[in-house]
Amino acid sequence: MTSIPAFGLGTFRLQGQVVIDSVRTGLELGYRTVDTAQIYGNEAEVGEAIAASGVRREDLFLTTKIWVDNYAKDKLVPSLEESLAKLRTDYVDLTLIHWPAPGNGVSIDEFMTALADAKAKGLTRQIGISNFNIELTKQAITAVGKDAIATNQIELSPYLQNRKLVEFLQNEGIHVTSYMTLAYGKVLGDPVIGAIAQRHQATPAQVALAWALQLGYSVIPSSTKRENLASNLLAQTLRLIDEDMAQIAALERNGREVDPAGLAPQWD
């Protein structure tokens with residue numbers, strides 16, 4: 001069993017009062033998992049919203065991600081300590097290496113070992129990776145062991161199903177977390193997903209999220225609207241039938257949305 005919650009609140013691209021409101025509303029609606037990152041520039045606001053919510057720290061699951069500039073072993077732990085100060089907490093539940101950044105001069109062995117050190121120091125309960133392909137995941141496993149890697153958080157949507165990588169991760173027992181599950185909203189207008197949504201009296205977003213959940217992935221959708229935050233949560237109770245899942249499987253089109261030069265690996 002994975003120890004990564006299945007459903008969380010993403011904060012990518014949300015800044016200032018917008019992210020404070022989104023997190024506060026999400027916590028009011030019952031979200032207890034919040035995903036942020038050093039590069040999002042919103043850790044302090046996320047921390048502020050959590051502090052104001054009155055939700056107990058032990059009831060929350062917080063994830064942050066180490067940015068490329070902080071991968072060197074003398075920088076990683078101090079940068080995470082800075083993140084904790086912004087988040088107003090003594091620890092996060094999960095810390096990820098945000099991008100493999102193969103050309104940036106810090107080896108996978110160095111940053112994975114530093115991340116394991118952060119865990120040993122109690123700064124993070126679990127560690128993992130994000131945006132790693134099969135080969136680089138293998139290198140991370142060599143560095144710290146596969147049992148130490150809680151998840152690989154990757155872009156996954158009905159338009160980008162990443163089957164080779166997913167199969168590899170599942171065979172290794174590494175949990176899959178899907179980000180960009182709605183492909184920046186592109187799948188919301190898809191006629192196949194729309195038809196499935198109508199049959200279930202659901203929204204297209206609920207269908208896409210339910211698809212990912214039924215495949216065993218965790219999801220972290222974001223929204224700034226209360227009605228969408230509330231509606232997304234209901235994806236957890238939507239059960240798609242085999243025919244629905246097969247129709248969504250056929251939507252694969254290698255529709256990658258995020259592929260930053262210098263940070264991304266060679267995709268599988």
Side-chain angles (χ1 to χ4, degrees), residues 4 6-14 35 37 40 63 65 96 98-100 128-137 151-171 174-225 228-229 231-236 238-261 263-268:
I4 309 281
F7 210 96
L9 180 65
T11 62
F12 177 55
R13 291 192 154 179
L14 306 184
D35 179 279
Y40 296 174
T63 300
K65 308 178 199 84
L96 307 177
H98 203 151
W99 286 93
I129 53 181
S130 183
N131 301 299
F132 277 53
N133 66 6
I134 292 172
E135 176 52 38
L136 299 180
T137 301
T151 193
N152 188 3
Q153 184 180 123
I154 53 177
E155 183 187 342
L156 269 178
S157 76
Y159 290 166
L160 180 74
Q161 299 187 21
N162 240 321
R163 292 193 184 106
K164 268 176 74 172
L165 177 55
V166 165
E167 183 183 15
F168 168 78
L169 293 168
Q170 291 179 333
N171 286 339
I174 295 174
H175 186 62
V176 175
T177 301
S178 159
Y179 75 81
M180 219 69 85
T181 316
L182 309 179
Y184 279 143
K186 289 180 183 175
V187 300
L188 302 184
D190 189 280
V192 172
I193 287 177
I196 294 170
Q198 273 194 308
R199 283 204 295 277
H200 288 277
Q201 295 180 306
T203 68
Q206 286 166 355
V207 169
L209 294 167
W211 162 81
L213 292 168
Q214 276 179 237
L215 290 172
Y217 313 152
S218 293
V219 294
I220 43 170
S222 64
S223 179
T224 56
K225 298 190 175 74
N228 291 346
L229 287 165
S231 171
N232 287 348
L233 274 176
L234 297 174
Q236 296 173 99
L238 174 59
R239 288 289 164 267
L240 302 179
I241 60 172
D242 291 347
E243 185 192 347
D244 300 331
M245 296 296 283
Q247 287 181 349
I248 297 172
L251 296 177
E252 165 63 42
R253 58 179 73 170
N254 198 29
R256 189 176 297 282
E257 299 290 336
V258 188
D259 192 15
L263 299 178
Q266 290 291 116
W267 300 110
D268 298 302

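Looking only at side-chain heavy atoms (C-beta outward), Lys186 and Leu188 stay at 4.5 Å or farther from each other. Put simply, the side chain of Arg199 does not reach to within 4.5 Å of the side chain of Ile241, judged on heavy atoms. Pro204 has its side chain out of reach of Val207: every pair of non-hydrogen atoms, C-beta onward, lies at least 4.5 Å apart. Contact annotation: the side chain of Leu9 never approaches that of Asn232 to less than 4.5 Å [non-hydrogen atoms, C-beta and beyond]. Taking 4.5 Å as the limit, some side-chain heavy atom of Leu165 sits within range of a side-chain heavy atom of Asn152. Counting heavy atoms from C-beta on, the side chains of Gln161 and Val166 never come closer than 4.5 Å. Looking only at side-chain heavy atoms (C-beta outward), Ile193 and Leu251 come within less than 4.5 Å of each other. Between Tyr217 and Leu169 there is no side-chain heavy-atom pair separated by less than 4.5 Å.
Among residues two or more places apart in sequence or in another chain, the ring-ring contact (aromatic ring centres under 6.0 Å, His included) test is passed with Tyr40 by Phe12, His98.
Applying the salt bridge (Lys or Arg N to Asp or Glu O under 4.0 Å) test to residues at least two apart or on different chains, none of the pairs has a partner in residues 153-163.
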Inset, instruction - Would you sort out whether Asp259 and Trp267 count as a side-chain hydrogen bond (donor to acceptor under 3.5 Å, both in side chains), showing the intermediate values? - result: CA-CA 9 Å; Asp259 192 15; Trp267 300 110; 2.8 Å; yes
Inset, instruction - Step by step, work out the side-chain hydrogen bond (donor to acceptor under 3.5 Å, both in side chains) result for Tyr159 and Asp190. - result: CA-CA 10 Å; Tyr159 290 166; Asp190 189 280; 2.5 Å; yes
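By the 6.0 Å contact criterion, CG on Asn171 is enclosed, its count of non-hydrogen atoms from other residues, nucleotides or ligands being greater than 12.
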